[in-house]
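Remember, it's a predicted structure, so these values are computed and weren't measured experimentally. Throughout, protein chains are lettered first and strands after them, A, B, ... in sequence-line order, and every chain is numbered starting at 1.
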Amino acid sequence: MTPEDTTISTDFIREAVKEDLASGRYNYVRTRLPPEPNGYLHIGHAKAFLIDYLVAKDFGGELNLRFDDTNPAKEETEFVEAIKEDAHWLGIEWGDREFYASDYFDDLYDWAVRLIKAGKAYVDDQTPEEVSRNRGTLTEPGVNSPYRERSVEENLNLLERMKNGEFPDGSRILRAKIDMASGNINLRDPAMYRIIHEPPHHRTGTTWCIYPMYDWSHGQNDSMEKITHSFCDVGYEAHRPLYEWFLEQLGEFMPRQIEFARLNLSYTVLSKRFLRRMVDEGLVSGWDDPRMPTLRGMRRRGYTPEAIGEFIEKIGIAKNYNMVDIALLEATVRSDLNIRAERRMVVLNPLKVVITNYPEGHTELLEAVNNPEDESAGTRQVPFSRELYIEREDFREDPPRKYFRLGPDREVRLRYGYFIKYEHHINDENGEVIEVHCTYDPETRGGYAPDGRRVKGTLHWVSAQHAVDAEVRLYDRLFTIENPLNSEEGKDFTDYINPDSLQILTECKAEPALTDVQPGYRCQFERRGYFCADIDSTADALVFNRTIALRDTWAKIRKGN
RNA sequence: AGGGGAGUGGUGCAAUGGCAGCACAGCAGUCUUUGGAACUGUUGAUCAUGGUUCGAAUCCGUGCUCCCCUGCCA
């Protein structure tokens, strides 16, 4: 595509890039994707990643993946691999353009020396507490460090010795010399290097014991890589003057930083820190718990990368604070899976049905459509016999108004099977229905009545004799309130965890076509929702996760009554 | 309070001085061998106030509300 191409969607970021190309500020586009390898990716990262990737792609540019590994205390190789895997899964490609902030430690050090020589940086011996106290407050200016006017020679010497490991952690920092009275606190002589001896860095080992701060690394790395556009969270807006100050002082290539609003999703939290807490406190089973908004969790739950991409496109890009309704995410997967997922019949809460006029010991195969939305998906054979399972909720002794399913004196259709008519039912000693006896109409094979009579309800079913046992895990929203972080006084977000966010069903009966499915297999269970075989699933013990339930009009009617 | 940013239906995003539109949610209906899907119709918004203008969501003034910033985190 060319910059003039009007088919490029017109969010304010793409508009800005287009303008930069038109004005000649840049004559190519190169973005960067800068994860810190200190945790797993969540759907909020997916938004940022996709912006970096797709903007570059739309303008025929390049994407640099660059791990922001400037703090050895928090970062691990394990996360590097996990992030790459998740990003690939999302469909993001960066070819061999894979970099690390730590690739630039030597060059960055040289740039720091240049800044000292220009009188724009100094080594400060104040304690962390003194630095903090002297920074001032939002309304009062800070006060200059007593070490601010050291000579260039002394600063050079001290920085060198910091690098050589002569000083303990926290004893000194290198600071930019800007303005302790600035209204923008980021400009009050921000720290550039701090001393960290332990632990060793995941890539550079013990080579370094001084590490750059974000502000003294990110923009410099962008510049070194000749990044044209550096997209980030609005939280970094106040850092932009600093980003530009450093590069101006150095006279180096100037990328353009553009900020956009991070994604907030209702009924969940999108913050590495809080997600980590849930994992650490055992509130969920891990980073890949299917209830987690992490990419790994969502993948395990059965979300497709296409659905996530679609969702990100739908929510758009702006600078407003936002709280996106999770219903939009749910609607998006539903619509994605509706088109691609094959249908199967699985009874979640089985109730036995005996077809009294069906020959004992007989089995026949009935043809079922795999996907009504996709003819090329073909058909399959489903075994039918005298004893079947239907959903417990599909029979009522005393059917309420507008209930279209099985009940006394009612006739319903078994999907792709026959019409069956109620005869009688059996209760156990507790009054619980344990068996329903029906007759079938042999003329309605396949579910059509030659005499044209109609039935209100169509039920899914599984032949008892041919059923495969399965465990099914039903998931619901993780939190009971829209914004768990905006909690009442004295309450923690964990106080709002939905106690019913996981329900495990162990007596489920699946049609035999599901016997051999592998973990990751996705399909729709007719009338129930979209499901995905879990990584715990084996040939001997099938386990399915519910990705999302089908839209349920009946539930709404019931609720309204 | 100092600095920075943002205010459009319930939610998210458009409209770039010229008919306030799209999606999700909601409501009503059609169709239906998934109470699914599809299709049709429909309710509902420019933070307030003053100004500029033939004309303002858009430009200007004032006020209000919300978000971010006082790590040797990113």
Qualifying side-chain hydrogen bond (donor to acceptor under 3.5 Å, both in side chains) pairs, either residue in residues 71-80 of chain A, two or more places apart:
A:Tyr40-A:Glu78, A:Thr77-A:His202
Duplex segments of RNA chain B, taken as runs of at least three Watson-Crick or G-U pairs that stay under 3.5 Å
B:2-7 with B:64-69, B:10-13 with B:21-24, B:26-30 with B:38-42, B:47-51 with B:59-63
Under 4.0 Å, counting only non-hydrogen atoms across every strand here, what does A:Arg551 touch: a base, just sugar-phosphate, or nothing?
sugar-phosphate
Considering residues at least two apart in sequence or located in another chain, which fulfil the side chain to side chain donor-acceptor pair (under 3.5 Å) criterion with A:Arg334?
none
For A:Phe231, which residues count as a ring-ring contact (aromatic ring centres under 6.0 Å, His included) partner, sequence neighbours excluded?
none
Pairs meeting criterion salt bridge (Lys or Arg N to Asp or Glu O under 4.0 Å) with involvement of residues 182-201 of chain A, two or more places apart:
A:Arg148-A:Asp189
Atom pairs under 3.5 Å, N or O on each side, protein against nucleotides 67-74 of chain B: can you list them with distances?
from, atom 1, to, atom 2, distance (Å)
B:U70, O2', A:Arg135, NE, 3.4
B:G71, OP2, A:Arg135, NH2, 3.1
B:C72, OP1, A:Arg135, NH2, 3.2
B:C72, OP2, A:Arg135, NH1, 3.1
B:C72, N3, A:Gly170, O, 3.4
B:C72, N4, A:Gln126, O, 3.1
B:C72, N4, A:Pro128, N, 3.3
B:C72, N4, A:Gly170, O, 3.0
B:C73, OP2, A:Arg194, NE, 3.1
B:C73, OP2, A:Arg194, NH2, 2.9
B:C73, O3', A:Arg194, NH2, 3.1
B:C73, O2', A:Asn71, ND2, 3.4
B:C73, O2', A:Lys74, NZ, 3.3
B:A74, OP1, A:Thr70, OG1, 2.7
B:A74, OP1, A:Arg194, NH1, 3.2
B:A74, OP1, A:Arg194, NH2, 2.9
B:A74, OP2, A:Tyr214, N, 2.9
B:A74, O3', A:Asp68, OD2, 3.0
B:A74, N6, A:His239, NE2, 3.3
B:A74, N3, A:Tyr236, OH, 2.6

Could you pull out all residues at least two apart from A:Tyr321 that satisfy ring-ring contact (aromatic ring centres under 6.0 Å, His included)?
none
Contact under 4.0 Å: A:Ser182 side-chain N or O vs B:G3 OP1/OP2:
no
A:Phe167 meets the ring-ring contact (aromatic ring centres under 6.0 Å, His included) criterion, sequence neighbours left out, with none
Check nucleotides 8-11 of chain B against the protein and report each pair of N or O atoms closer than 3.5 Å, with its distance, or say if there are none.
from, atom 1, to, atom 2, distance (Å)
B:U11, O3', A:Met323, O, 3.3
B:U11, O2', A:Met323, O, 3.0

Any N/O pairs under 3.5 Å between the protein and nucleotides 17-21 of chain B? List them or say none.
none

List the residues meeting side chain to side chain donor-acceptor pair (under 3.5 Å) with A:Thr31, not counting sequence neighbours, and say none if there are none.
none
Within residues 307-315 of chain A: residues closer than 4.0 Å to RNA chain B (heavy atoms):
A:Ile315
